[in-house]
Amino acid sequence: MEKIPFVLGGNLQGGELVVAYPYDMVRSLWKTQDYTPTPDDHVFRWLAYSYASTHRLMTDARRRACHTEDFQKEDGTVNGASWHTVAGSINDFSYLHTNCFELSIYVGCDKYPHESELPEEWENNRESLIVFMEQVFDGRTTPE
């Protein structure tokens, strides 16, 4: 990561329908959840929204929540530290040490979808992945 200057990254995960952005670690030792923005919070929120808003289900008001948390009020996005603290996350590392804007993209409610469900999961995420990659041409994600 230090030799190839990436400006945008996304790690894909399952088990939820939300896009989490840094910081993922709270600043206070006494809190387990707290909105912890980066200096580029507006850019991270835009990147997360660009993915979530073009996903087939993330912002659909008719869908039910995957588990106990509903991310509808945040348009399918969440600050990582306000959701659950992750010390040493790749998102925080990428931002702090390589100037790469990285998000955790939770692509579906099922952490391990069955093989027969993969074509539908692909369709749910295809446009979002393309729109997300196009953000490198926006200029907001280019390091100075």
Side-chain angles (χ1 to χ4, degrees), residues 1-27 31-143:
M1 287 182 71
E2 293 173 353
K3 292 181 183 188
I4 301 173
F6 289 98
V7 294
L8 184 64
N11 56 77
L12 305 177
Q13 303 181 44
E16 193 52 79
L17 271 172
V18 69
V19 180
Y21 55 91
Y23 287 122
D24 291 329
M25 181 68 183
V26 295
R27 289 191 178 112
K31 294 183 178 181
T32 57
Q33 295 176 311
D34 191 26
Y35 194 95
T36 309
T38 68
D40 295 299
D41 191 59
H42 65 288
V43 177
F44 278 112
R45 285 191 331 239
W46 167 253
L47 291 169
Y49 180 75
S50 72
Y51 192 96
S53 66
T54 52
H55 188 278
R56 290 169 83 190
L57 300 173
M58 269 185 207
T59 57
D60 186 349
R62 297 168 295 176
R63 77 164 181 87
R64 64 177 177 77
C66 290
H67 304 288
T68 57
E69 297 182 68
D70 188 4
F71 298 100
Q72 291 290 353
K73 64 183 179 287
E74 294 96 1
D75 291 322
T77 69
V78 69
N79 173 263
S82 69
W83 180 26
H84 63 260
T85 294
V86 178
S89 74
I90 188 67
N91 296 357
D92 291 1
F93 175 84
S94 295
Y95 178 68
L96 293 169
H97 300 288
T98 70
N99 293 323
C100 178
F101 288 66
E102 183 152 352
L103 306 175
S104 291
I105 303 168
Y106 295 81
V107 298
C109 291
D110 190 353
K111 186 135 179 105
Y112 304 103
H114 187 269
E115 175 184 349
S116 64
E117 298 173 273
L118 294 179
E120 183 177 359
E121 291 299 329
W122 166 246
E123 288 304 318
N124 288 343
N125 288 280
R126 183 172 49 94
E127 185 65 22
S128 296
L129 289 164
I130 293 168
V131 167
F132 182 68
M133 288 186 290
E134 289 172 344
Q135 298 311 304
V136 297
F137 301 111
D138 185 312
R140 287 181 263 203
T141 57
T142 306

In Å and rounded to the nearest 0.5 Å, what is the [atom1] to [atom2] distance from [X] to [Y]?
X	Y	atom1	atom2	value
Tyr95	Asp40	OH	CG	3.5 Å
Met58	Tyr51	CE	OH	5.5 Å
Asn11	Glu102	CG	CD	5.0 Å
Ser89	His84	OG	NE2	9.0 Å
Leu17	Glu69	CG	CD	13.0 Å
Leu57	Glu121	CG	CD	8.0 Å

Taking only Lys NZ, Arg NE, NH1 and NH2, and the carboxylate oxygens of Asp or Glu, determine whether Asp60 and Arg56 approach each other closer than 4.0 Å.
-> no
Taking [Y]'s backbone N and O only, do any of them form a donor-acceptor pair with [X]'s side chain (distance below 3.5 Å, no angle check)?
X	Y	answer
Thr77	Glu74	yes
Glu123	Pro119	no
Ser128	Thr54	yes
Asn79	Ser82	yes

Looking only at non-hydrogen atoms, find the nearest pair between [X] and [Y] and report the distance.
X	Y	value
Asp110	His114	OD2-N, 4.4 Å
Gly9	Cys100	N-SG, 3.8 Å
Asn91	Ser104	ND2-OG, 3.0 Å
Gly76	Ala52	O-CB, 3.7 Å

Is [Y] close to [X] at the side-chain level, that is, under 4.5 Å between some pair of heavy atoms?
X	Y	value
Leu118	Pro113	yes
Phe132	Val19	no
Leu12	Leu129	yes

Show the numbers, then the answer: is there a side chain to side chain contact (heavy atoms under 4.5 Å, CB included) between Asp92 and Thr38?
-> CA-CA 9 Å; Asp92 291 1; Thr38 68; over 6 Å; no
Set of residues satisfying side chain to side chain contact (heavy atoms under 4.5 Å, CB included) with respect to Val26, sequence neighbours excluded = Asp34, Thr36, Ala81, Thr85
Test Tyr106 against every option in Phe71, Trp83, Tyr21 by the ring-ring contact (aromatic ring centres under 6.0 Å, His included) rule and name the one that passes.
-> Trp83
Is a side-chain donor-acceptor pair under 3.5 Å present for His55 with Asn125?
-> yes
